[in-house]
Amino acid sequence: MEPKLLLEAIEQNVQKMQQVLQPVAKDLFNRKPSDGGWSAAQVTDHIIQLEAITLAALKSEGAVSTRPPDEKIALIRSVMESDVKRVAPEIVMPSEAETDPQEQLAAFKKQSDILKQVVEATDLQQACLQIKHPGFGTLTKWEWLAFCEAHTRRHLIQMERLLPIAASV
């Protein structure tokens, strides 16, 4: 997926997040499912943390990639679109603290705006050598952006399951 299309998909994720969280009450947002998974608040926190790592990767010093800069995007999308449950690395484990859905939405939107600005000023074809993905290894900045978008989309689907009221709006 071309960077321009990725930016459009990121904007769609922002709009979807707003649609999902706007009508949600704080108690529902912080309620964990009976299966012991994360609450919508924790999912949102996890998304925000991953986006912060993506920002750090995009801002980090890059190097000329020794392979096509979008080589791993198909694999990333395949993994993110599967129904296989994964264990998040410790660095992006969500907080147990209760949060307000509107505050989290505002934080997500602000960070997404910064992400889009950074993308506009970044050579996405560069490899990120300082920040490696725990599963995919060294990614280019383009691939980090694709991972971030697909990851958010994956968790938005999860949040719609957690928040059936929001999904029906």
Side-chain angles (χ1 to χ4, degrees), residues 1 3-59 73 76-120 122 131 133-136 139 141-169:
M1 182 180 282
K4 181 181 177 190
L5 295 175
L6 277 171
L7 284 174
E8 291 172 8
I10 287 169
E11 182 55 35
Q12 289 172 355
N13 284 345
V14 170
Q15 291 172 11
K16 185 68 170 179
M17 180 77 80
Q18 186 165 341
Q19 176 189 350
V20 169
L21 295 187
Q22 198 71 45
V24 176
K26 186 175 179 177
D27 64 328
L28 181 59
F29 185 61
N30 288 285
R31 185 179 306 148
K32 286 189 175 186
S34 58
D35 69 2
W38 291 345
S39 67
Q42 290 175 300
V43 173
T44 305
D45 183 46
H46 171 71
I47 291 170
I48 291 169
Q49 289 183 44
L50 186 278
E51 206 167 83
I53 290 172
T54 301
L55 272 168
L58 293 176
K59 290 178 177 180
I73 291 178
I76 289 166
R77 293 180 71 77
S78 172
V79 168
M80 288 292 102
E81 290 171 0
S82 78
D83 288 334
V84 175
K85 191 171 182 172
R86 292 172 173 42
V87 177
E90 189 66 33
I91 193 167
V92 290
M93 288 297 281
S95 168
E96 293 285 335
E98 286 201 3
T99 58
D100 179 82
Q102 300 316 308
E103 289 174 11
Q104 289 291 79
L105 175 59
F108 173 73
K109 286 169 70 174
K110 180 179 180 182
Q111 191 162 269
S112 294
D113 286 345
I114 294 168
L115 179 71
K116 288 182 275 186
Q117 290 170 2
V118 168
V119 166
E120 295 293 333
T122 301
I131 301 175
H133 187 279
F136 298 114
L139 297 176
K141 294 181 181 199
W142 187 353
E143 290 165 339
W144 266 108
L145 186 64
F147 175 74
C148 182
E149 185 280 324
H151 175 267
T152 299
R153 190 169 18 89
R154 173 187 175 92
H155 284 300
L156 282 168
I157 292 167
Q158 178 185 8
M159 285 177 41
E160 286 183 311
R161 291 184 197 130
L162 289 169
L163 304 168
I165 295 169
S168 65
V169 173

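- H46 pairs by the side chain to side chain donor-acceptor pair (under 3.5 Å) definition with H151, H155, not counting sequence neighbours.
- Evaluation of the salt bridge (charged side-chain N to carboxylate O under 4.0 Å, His left out) test over residues 5-15, restricted to residues two or more places apart or in two chains, returns E11-K116.
- For residues 88-99, the set of pairs meeting the salt bridge (charged side-chain N to carboxylate O under 4.0 Å, His left out) definition, not counting sequence neighbours, comprises K32-E96.
- Between the side chain of R153 and the main chain of E81, no donor-acceptor pair closer than 3.5 Å is present.
- Nearest heavy-atom pair across P89 and P134 is CG-CG, 3.7 Å.
- Atom-to-atom distance recorded for K16:NZ and E160:CD is 3.5 Å, nearest 0.5 angstrom.
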Checklist entry - Can you list the steps and then say if M159 with W38 is a side chain to side chain contact (heavy atoms under 4.5 Å, CB included)? => result CA-CA 10 Å; M159 285 177 41; W38 291 345; over 6 Å; no

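- The shortest non-hydrogen separation linking L162 to A40 is CD1-N, 3.7 Å.
- The side chain to side chain donor-acceptor pair (under 3.5 Å) test applied to K109 returns Q18, not counting sequence neighbours.
- Taking the side-chain contact (heavy atoms from CB on, under 4.5 Å) definition, one finds that I114 meets it with L55, K110, V118, sequence neighbours left out.
- The two residues I48 and A107 come nearest to each other via the heavy atoms CD1-CB, 4.1 Å.
- Residues forming a side-chain contact (heavy atoms from CB on, under 4.5 Å) with A41 (at least two apart in sequence, or on another chain): F29, N30, S39, T99.
- Among residues two or more places apart in sequence or in another chain, the side chain to side chain donor-acceptor pair (under 3.5 Å) test is passed with Q49 by D45.
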Next on the checklist: If you apply the rule side chain to side chain contact (heavy atoms under 4.5 Å, CB included), what do you find for L145 with I10, and how did you get there?
Outcome noted: CA-CA 9 Å; L145 186 64; I10 287 169; 3.3 Å; yes

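- Minimum heavy-atom separation, V92 to I53: CG1-CD1, 3.4 Å.
- The distance from the CD atom of Q158 to the CG atom of L163 is 10.0 Å, given to the nearest 0.5 Å.
- Here K59 contributes atom NZ and L115 contributes atom CG; the two are 9.5 Å apart, rounded to the nearest 0.5 Å.
- With values rounded to the nearest 0.5 angstrom, I47 atom CD1 is found 11.5 Å from T54 atom OG1.
- Looking at residues two or more places apart in sequence or on another chain, you find a side chain to side chain donor-acceptor pair (under 3.5 Å) between S112 and E51.
- With sequence neighbours left out, D100 forms a salt bridge (Lys or Arg N to Asp or Glu O under 4.0 Å) with no residue at all.
- Going from atom CD of Q12 over to atom CG of L6 covers 11.0 Å, rounded to the nearest 0.5 Å.
- Applying the ring pair (Phe, Tyr, Trp, His ring centres under 6.0 Å) test to residues at least two apart or on different chains, none of the pairs has a partner in residues 83-113.
- Partners of W142 under the ring-ring contact (aromatic ring centres under 6.0 Å, His included) rule, at least two apart in sequence or in another chain, do not exist in this structure.
- Residue E103 holds its CD atom at 12.5 Å from CG of L21, rounded to the nearest 0.5 Å.
- Remark: the backbone N or O of E149 is not paired with any side-chain donor or acceptor of T152 at under 3.5 angstrom.
- Scanning for side-chain contact (heavy atoms from CB on, under 4.5 Å) contacts around D35 gives P33, with sequence neighbours left out.
- Using cut-offs of 30° and 60° on the angle between ring planes, the pair H133 and F136 is tilted.
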